[in-house]
Amino acid sequence: MDKYQLFHQLHHQQIGFVLANAWDLSSAQFIQAAGAKAVATTSWGIAESLGLADGENISFQTQLALVKSLTKYIHIPLSVDIESGYSNDPMQISQNVLALAKLGVAAINIEDSDKDTNALRSIKQQCTIISEIKKVLNENGFGSLFINARTDTYFVSDSPFKVTLKRAKAYQDAGADGLFVPGLTNIEHITSLANAIDMPLNVMAMNNFNSAKAAFAGGAKRFSLGNSLYDLVGNTIKNSLTQIEN
């Protein structure tokens with residue numbers, strides 16, 4: 001089984017899986033050594049570790065350099081958080097994804113937030129981006145790379161479920177392999193959304209590692225830790241130093 005098959009299989013097993021997020025090589029190696037079957041990057045953690053705020057404030061070249069080091073030393077499937085693709089041009093975004101594919105990544109997250117306006121892209125615009133990514137990957141022999149379509153509807157909408165469902169179905173038709181909805185914690189919404197789409201649903205830890213079991217019972221197939229481990233490491237260091245000084 002190759003890395004693409006393994007990553008897809010993880011989303012279609014009976015029980016969902018927890019995907020831990022790394023911000024550098026050492027954190028990715030710790031995750032791999034712990035027995036994880038896959039690892040992802042966290043844009044938040046990467047930016048914070050470099051003294052920057054999240055939101056594509058690191059260059060894409062910096063992103064590529066990090067991913068190159070990860071694929072050299074990490075032997076489990078790697079999913080890369082590319083935020084909004086480092087562009088609003090579908091062609092440029094697809095080339096960015098192709099560059100990552102050539103480094104050996106198994107998957108990406110692509111979100112529908114516009115970094116220039118801080119609003120959601122239109123459904124049409126995001127579907128064009130997803131379709132172009134899929135087209136370019138297929139043309140270059142990377143058609144099995146997992147495209148996780150992230151939508152930030154639960155962060156910006158007062159009535160997020162209907163908006164999310166509409167976007168989910170459109171992204172699925174455009175070629176997405178999975179749906180990622182950070183901020184979605186309502187179990188009834190998780191169940192309804194999971195039952196309404198034909199691709200695996202991914203939710204994220206929101207200050208609570210223990211919510212994974214409930215999310216899986218509700219129908220989610222993937223539970224991402226996001227920036228949780230980065231925050232945990234930082235808090236552990238601060239608490240440890242405080243105890244030493246006292």
Side-chain angles (χ1 to χ4, degrees), residues 3 6-7 10-11 13 15-58 62-83 100 103-111 113 146 148 150 152 154-155 178-185 190 200-216 220-244:
K3 62 189 174 186
L6 175 56
F7 199 76
L10 289 171
H11 292 78
Q13 57 191 4
I15 300 175
F17 80 105
V18 175
L19 185 61
N21 300 75
W23 55 94
D24 60 11
L25 178 57
S26 63
S27 57
Q29 288 176 316
F30 283 133
I31 291 168
Q32 179 173 260
K37 295 183 178 180
V39 61
T41 62
T42 161
S43 65
W44 174 284
I46 293 170
E48 289 283 325
S49 71
L50 297 173
L52 300 170
D54 194 23
E56 296 185 6
N57 287 310
I58 65 169
T62 299
Q63 174 86 275
L64 283 177
L66 172 61
V67 172
K68 187 174 182 179
S69 71
L70 294 179
T71 54
K72 181 177 181 180
Y73 293 103
I74 299 300
H75 309 297
I76 54 178
L78 171 66
S79 178
V80 175
D81 179 358
I82 63 167
E83 299 193 65
L100 292 169
L103 290 178
V105 308
I108 58 158
N109 274 347
I110 177 73
E111 62 189 66
S113 296
F146 193 102
N148 204 33
R150 167 175 164 167
D152 284 345
Y154 273 76
F155 290 145
L179 178 72
F180 181 26
V181 191
L184 171 57
T185 58
I190 289 175
L201 175 62
N202 177 197
V203 297
M204 186 172 73
M206 302 296 291
N207 302 316
N208 185 1
F209 290 157
N210 297 325
S211 57
K213 186 176 181 180
F216 293 149
K221 288 297 186 179
R222 168 168 150 187
F223 187 85
S224 295
L225 298 186
N227 56 290
S228 299
L229 291 181
Y230 179 86
D231 293 341
L232 179 63
V233 169
N235 289 331
T236 299
I237 292 172
K238 287 184 286 187
N239 292 337
S240 297
L241 289 176
T242 300
Q243 293 174 7
I244 293 172

> Going by distance alone, is a donor N or O of one side chain under 3.5 Å from an acceptor N or O of the other, for Asp152 and Ser113?
Replying inline: yes

> In terms of side-chain heavy atoms, does Asn109 have a donor or acceptor partner in Asn148 at a distance below 3.5 Å?
Replying inline: yes

> Does the Lys72 side chain pair with the main chain of Val67, one donor and one acceptor, at a distance under 3.5 Å?
Replying inline: no

> Any chance OH of Tyr73 has more than 12 other-residue heavy atoms, nucleotides or ligands included, within less than 6.0 Å?
Replying inline: no

> CH2 of Trp23: more than 12 outside heavy atoms within 6.0 angstrom?
Replying inline: yes

> Can Asp81 and Thr41 be counted as having a side-chain donor-acceptor contact under 3.5 angstrom?
Replying inline: no

> For the atom pair CD (Glu48) and CG (Asn227), what is the distance rounded to the nearest 0.5 Å?
Replying inline: 8.5 Å

> Just how far is it from atom OG1 of Thr71 to atom CG of Leu78, taken to the nearest 0.5 Å?
Replying inline: 7.0 Å

>> Checking Asn239 against Thr242: is there a side-chain donor and acceptor pair closer than 3.5 Å?
In response: no

> Within the distance-only criterion (no hydrogens, no angle test), does the side chain of Glu83 pair as donor or acceptor with the backbone N or O of Gly55 below 3.5 angstrom?
Replying inline: yes

>> Going by side-chain hydrogen bond (donor to acceptor under 3.5 Å, both in side chains), name the residues that satisfy it together with Asn21, two or more places apart in sequence or in a different chain.
In response: none

>> One pair to check against side-chain hydrogen bond (donor to acceptor under 3.5 Å, both in side chains): Ser224 and Asn202. What are the steps and the verdict?
In response: CA-CA 7 Å; Ser224 295; Asn202 177 197; 3.1 Å; yes

> When the ring planes of Phe146 and His11 are compared, do they come out parallel, tilted or perpendicular, using 30° and 60° as the limits?
Replying inline: parallel

> More than 12 foreign heavy atoms under 6.0 Å from CZ of Phe30: is that the case here?
Replying inline: no

